[in-house]
Amino acid sequence: MLKKRLVLTFPQTLVEEPITYRLIKDYDLVVNILRARISREEEGRLIIEISGEKEALDKGLNYLKKIGVAIQPLAKDVRWLEDRCTHCTVCVPLCPTEAIVVDREKMEISFDKDRCIVCGACIPACPYKAVEILF
Amino acid sequence: MAKTLAEINEKIKKGKAVVVTAEEIIDLVDEKGIKKAAQEVDVVTSATFGPMCSSGIYLNIGHSKPKIKLGGGKAYLNEVPVYTGIAAVDFYLGATALPDDDPRNRVHPGEFKYGGGHVIEDLVAGKDAKLVATTYATDCYPRKSLETWINLKDVNEAVLFNPRNAYQNYNVAVNLSGRVIYTYMGILQPNLGNANYCSAGQLSPLFNDPYYKTIGVGTRIFLGGGVGYVVWQGTQHNPTAPRTEKGVPRSSAGTIAVLGDLKQMSSEWLKGTSMTGYGVTLSVGIGVPIPILNEEILLYTAVKDEEILAQIVDYSEAYPQRKSGSLGEVSYAQLKSGKIAVQGKEVPTGSLSSYAKARKIASLLKDWIRKGEFLLTEPVELLPSVESGITFKPLKERPIK
């Protein structure tokens, strides 16, 4: 089993194409949508975590390329700078995936990178610049 | 059995004082009862760490050759303007000051990456700061401009002087509107998306001495990692705020003005703070020792989060428009659980005040006292309490025609 985090960018003409359905149904892949942004004026952007057998994954990604979807690895990363963090917890309610959680006994924060979808909501919320997005 | 402060200090000097934090005293009282706990315990340490805008430093940088008079001129530290309207080489730098060319909220929400609070953190961390000044010449101070690096270790005096810190209670901020708002209470999501609070609750100094029976002018405290003093009541001190039966204010009430030698302090307890869309400030760590002079004072220090209530306030309309009215009352126990109910909706909570750091300060101060390094002081004068009748007045605006 292989797992990848990808940013899919597709032109307006493909907005109607049920690509997630195809990836699951035709290529037997597990697709987890982390973020999606599709608007009429803009191109569509989908951040997915995709997993499956190597062969199926290659075929699925080939299908995407063929229909005109641009594929990039999710290269952004949120980094928690623990030495700048004061554990105030003001960022906690803004995290949509509970990647930032509070140990209620210690009243201290921890950051689970695997749950983070790099939405960036914590970045402007942190008064101490203790989180940053890396490209 | 009542104790005097002198007796407590004698025990501290001998290394025999029994010192516990404002958190530990809760269990101790539950376990032993008020009477026994009051006999055994000499000092309870309280603490808080959070953004406190009414903070700043004054410096005396020494005289240049030839001399310059900054007073009446303009001066900047790391591009941040300082207040020079005092003597020749004294100036005050406020926590919320911003560089002249900071874009503020021109493109909303502004980032406010660097300002007075950050300069203070940098100085305390031992970093050089760039001083640029322009002024007018006099016969005794002929120089008109100055550009130099300065460092905390080289200046004569460096004093942290905060006119209002350690608020006794604060609002819980929410947003009833349909758009995101950016406030000094953090980013508030629309339609009750989150609720932000700012107090260390049961650890917070003034909650542990709600009528200011031990804290006053001259109280020696932990300030920013060094030793400081309470020098006055803070601005907006409001002892007549409504209180619970046990005397705990239900909304913002007392405040303290504090002062201490900046050179002793550390950047772990003084942190430059950026509030998106709002501005910059300084987060300050404060620890206040409370001498257990009698059972009544001990009882106050045993206050728990469950018994401390705060008001939920809408920051999209009620707060900015100065409309009275609370959306409800919640306890710090509820706030610290991570969610509260507002208008029938479950709302996740976040804090601006760091309970983890407050806990660490209370514990550090406890160690200082236990080791005999920190003696308690008798206040010269207690802070004005309920009987003073002092209230926090709004501005009486008289338009100039």
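Labels below follow one simple rule: chain letters A, B, ... track the order of the sequence lines, proteins then strands, and each chain is numbered from 1.
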- Message: For B/Glu111, I'd like to know if atom CD has over 12 heavy atoms of other residues, nucleotides or ligands within 6.0 Å.
- Response: no
- Do A/Tyr128 and B/Pro51 come within less than 4.5 Å of each other through their side chains, counting heavy atoms only? yes
- Is the closest basic N to carboxylate O distance between B/Glu121 and A/Arg84 below 4.0 Å? yes
- Contact part of B/Tyr197 toward chain A, heavy-atom cut-off under 4.5 Å: side chain, backbone, both or neither? side chain
- Item | Side-chain heavy-atom pair A/Val90, B/Ser351 within 4.5 angstrom cut-off | no
- Note on the structure: The interface call for A/Leu94 against chain B, heavy-atom contacts under 4.5 Å, is side chain
- NE2 of A/His87 to OG of B/Ser353, rounded to nearest 0.5 Å, is 13.5 Å
- Distance col, row B/Asn196:CG vs A/Cys88:SG, nearest 0.5 angstrom, shows 8.5 Å
- More than 12 heavy atoms from other groups under 6.0 Å of CD on A/Glu55: no
- Message: Does either side chain, that of B/Tyr355 or that of A/Thr89, offer a donor lying less than 3.5 Å from an acceptor on the other one?
- Response: no
- Message: Under 4.5 Å from any heavy atom of chain A, what part of B/Thr281 do you find: side chain, backbone, both or neither?
- Response: neither
- Query: For B/Phe49, is it the side chain, the backbone, both, or neither that has a heavy atom closer than 4.5 Å to a heavy atom of chain A?
  - Reply: side chain
- Message: Please classify the contact between A/Cys91 and chain B as side chain, backbone, both or neither, with a heavy-atom cut-off of under 4.5 Å.
- Response: neither
- Query: For A/Asn62, does the CG atom sit with more than 12 other heavy atoms under 6.0 Å from it, leaving out its own atoms?
  - Reply: yes
- Task: State whether the number of non-hydrogen atoms from other residues, nucleotides or ligands found under 6.0 Å of A/Arg45 atom CZ is greater than 12.
- Result: no
- Out of B/Asn194, B/Thr349, B/Thr273, B/Val347, which one racks up the most heavy-atom pairs below 4.5 Å with chain A? B/Thr273
- Task: Give the member of B/Ser274, B/Ala195, B/Gly272, B/Gly186 that has the highest number of heavy-atom pairs under 4.5 Å with chain A.
- Result: B/Ser274
- Note on the structure: Between the OG1 atom in A/Thr86 and the NZ atom in B/Lys360, the distance rounded to the nearest 0.5 Å is 11.5 Å
- Is it true that atom CD of A/Glu17 has more than 12 heavy atoms of other residues, nucleotides or ligands lying nearer than 6.0 Å? yes
- Ranked by heavy-atom pairs below 4.5 Å to chain A, first place among B/Lys113, B/Gln189, B/Met275 goes to B/Lys113
- Item | side-chain contact (heavy atoms from CB on, under 4.5 Å) assessment of A/Met107 paired with B/Lys336 | CA-CA 8 Å; A/Met107 286 308 282; B/Lys336 275 162 70 182; 3.8 Å; yes
- Is any side-chain heavy atom of A/Lys129 less than 4.5 Å from a side-chain heavy atom of B/His118? yes
- Please say whether more than 12 non-hydrogen atoms of neighbouring residues, nucleotides or ligands are located less than 6.0 Å from NZ in A/Lys106. no
- Polar side-chain atom of B/Thr276 near backbone of A/Pro124 as donor-acceptor pair, under 3.5 Å: yes
